[in-house]
2 protein chains.
Amino acid sequence: MDEILKIDDVAKQSGLSKRTIRYYEEIGLLPPPPRSKGGTRLYTQEHVEFLKKITIAKEVLGFTLQELQHFISLRETLENQRADYRKVTDPKERKVKLAEIIEVLDDQLEMIEEKIEKILSVQSELKTLRERAQAAMVKINQELSNL
Amino acid sequence: MDEILKIDDVAKQSGLSKRTIRYYEEIGLLPPPPRSKGGTRLYTQEHVEFLKKITIAKEVLGFTLQELQHFISLRETLENQRADYRKVTDPKERKVKLAEIIEVLDDQLEMIEEKIEKILSVQSELKTLRERAQAAMVKINQELSNL
DNA sequence: AAAAAAATTGACGTTAACGTTAAATGTAAA
DNA sequence: TTTACATTTAACGTTAACGTCAATTTTTTT
């Protein structure tokens, strides 16, 4: 299950174009995969999952690729808070970084809350429209049956 | 309370730039307001509300301006289903249009459902991250108090 | 090994959604 | 009315996020 994927497979599984995948690597969003001797990119399933997550976050949150980069680097910093890293780095420094991360996360979460509220308001407006349309449809059907 | 607003007021109230407001009019998204004798655009509060709604829909649904146009024309068609219009137009024709509208609305509503699901998944992932960060913070504080 | 299919880099092209600047005209304030 | 400020149109500029060649190499198939 450690299948090696080529760019076309990744494209199909992620729904992105090959160009887009290379582009994401170019701008530092997607970690560069190892290459074959000839230079062909060799991906794994992890890359696909990563791309899927990125895509969702982009779609849903309306993040630009830059914002996504920022976001991802946060996640990495958080992962670095583990094991060996702990023994190397000064706890006070780590604490500062952690505090920063938490702050950013809180901001993001707040932003998401706002988005959810807004999307719900749009949803309810659409539902109202739909009901009106339904009502109009009923009336028309009545009219039509009165002929 | 039928205040007349000039473009700068509208910009301030809507949060959009003057250029954007003119642009939206240019591409047919914002109905052209009346003009003064000299050619200055004279808006009302309604324009502001309209712009706010558009902005939210754009932000939240990730709609392009084209999609927004489509969406708005739907709304208008639906409003035309009223009163005098009814007497003029063939009911069968109206029925067809209504059916179209309902279909599109259903599609949109479905799309929104999907978006909500996705955004919730991102939210929960962020919450997990936040908890992890919190936990790490607690550990660090313990370490620090053990000195 | 030869042919066909896929991947790579490089470079230029594209589109939406405005930003910016300029020159001319209009409106409001003193 | 003069000064100062706002608005208008027109036109060119910009940026992100890719698309689209084209020429070359690799990889796969036969």
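We name chains A, B, ... by the order of the sequence lines, and we start the count at 1 in each one. Just so we're clear, the structure is a prediction, and the values are computed from it rather than from any experiment.
For A:Glu25 and C:dT8, the CD to C1' distance is 11 Å, given to the nearest whole Å. A straight line from CG of B:Leu68 to C1' of C:dA17 spans 12 Å, rounded to a whole angstrom. Atom CD1 in B:Ile7 sits about 14 Å away from atom P in C:dT27, given to the nearest Å. Between the CD atom of B:Glu67 and the P atom of C:dT15 there is a distance of 17 Å, rounded to whole Å. A straight line from OH of B:Tyr23 to P of D:dA10 spans 16 Å, rounded to a whole angstrom. Rounded to an integer number of Å, the gap from A:Gln66 CD to D:dC18 C1' is 15 Å. Separating the CG atom of A:Asp9 from the P atom of C:dA7 is a distance of 7 Å, rounded to the nearest angstrom. The nearest whole Å value for the distance from the CD1 atom in B:Ile4 to the P atom in D:dA6 is 19 Å.
With hydrogens and angles disregarded, no donor-acceptor distance shorter than 3.5 Å links the side chain of B:Thr40 to the backbone of B:Ser36. Side-chain atoms of B:Asp9 come within 3.5 Å of backbone N or O of B:Lys6 as a donor-acceptor pair. With hydrogens and angles ignored, the 3.5 Å screen pairs no side-chain donor or acceptor of B:Glu113 with any backbone N or O of B:Gln108. The main-chain N or O of A:Ile27 is found under 3.5 Å from a side-chain atom of A:Gln69 such that the two form a donor-acceptor pair. Between the B:Lys95 side chain and the A:Asn141 main chain, no donor and acceptor come within less than 3.5 Å of each other.
Between B:Gly39 and B:Leu65, the residue whose closest nucleotide on DNA chain C is further toward the 5' end is B:Leu65.
One finds a salt bridge joining A:Arg94 and B:Glu143 here, because a Lys/Arg side-chain nitrogen approaches an Asp/Glu carboxylate oxygen to under 4.0 Å.
When the nucleotides D:dC18, C:dA16, C:dT27 are ranked by their closest atom to the side chain of B:Thr40, C:dT27 comes out on top. Checking C:dA28, C:dC18, C:dT8 against every side-chain atom of B:Lys6, the shortest atom distance belongs to C:dA28.
Within 4.0 Å (heavy atoms only), B:Ile27 reaches no atom of the nucleic acid at all.
Of all the residues in residues 49-61 of chain A, not one reaches under 4.0 Å from DNA chain C with any non-hydrogen atom. Within residues 14-22 of chain A, the residues approaching DNA chain D are A:Ser17, A:Arg19, A:Thr20, by heavy-atom distance under 4.0 Å. Within residues 29-38 of chain A, the residues having any heavy atom closer than 4.0 Å to DNA chain D are, in order of number, A:Ser36, A:Gly38.
Cluster partners of A:Ile4, by chain and number: A:Leu42. The rule joins Ile, Leu, Val, Met, Phe, Trp and Tyr whenever side-chain heavy atoms lie under 4.5 Å apart.
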Step by step, would you call A:Ile54 with A:Leu30 a side chain to side chain contact (heavy atoms under 4.5 Å, CB included)? CA-CA 9 Å; A:Ile54 282 182; A:Leu30 181 67; 5.7 Å; no

Is there a side chain to side chain contact (heavy atoms under 4.5 Å, CB included) between B:Glu3 and B:Thr44 once you walk through the steps? CA-CA 6 Å; B:Glu3 284 279 327; B:Thr44 73; over 6 Å; no

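Considering every non-hydrogen atom in both A:Gly62 and A:Glu67, the closest pair reads O-OE1, 4.1 Å.
Under the side chain to side chain contact (heavy atoms under 4.5 Å, CB included) criterion, B:Leu120 pairs with A:Ile116, B:Ile116, B:Gln123, not counting sequence neighbours.
The shortest distance between the side-chain N/O atoms of B:Tyr24 and the OP1/OP2 oxygens of C:dC18 is below 4.0 Å. Dashed line: the shortest gap from a side-chain N or O of B:Arg41 to OP1 or OP2 of D:dT7 is not under 4.0 Å.
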Cut-off 3.5 Å, no hydrogens considered: what does the side-chain donor-acceptor table look like for residues 18-26 of chain A, sequence neighbours left out?
from: A:Thr20; atom 1: OG1; to: A:Ser17; atom 2: OG; distance (Å): 2.8
from: A:Glu25; atom 1: OE1; to: A:Arg41; atom 2: NH1; distance (Å): 2.9
from: A:Glu25; atom 1: OE2; to: A:Arg41; atom 2: NH1; distance (Å): 3.3

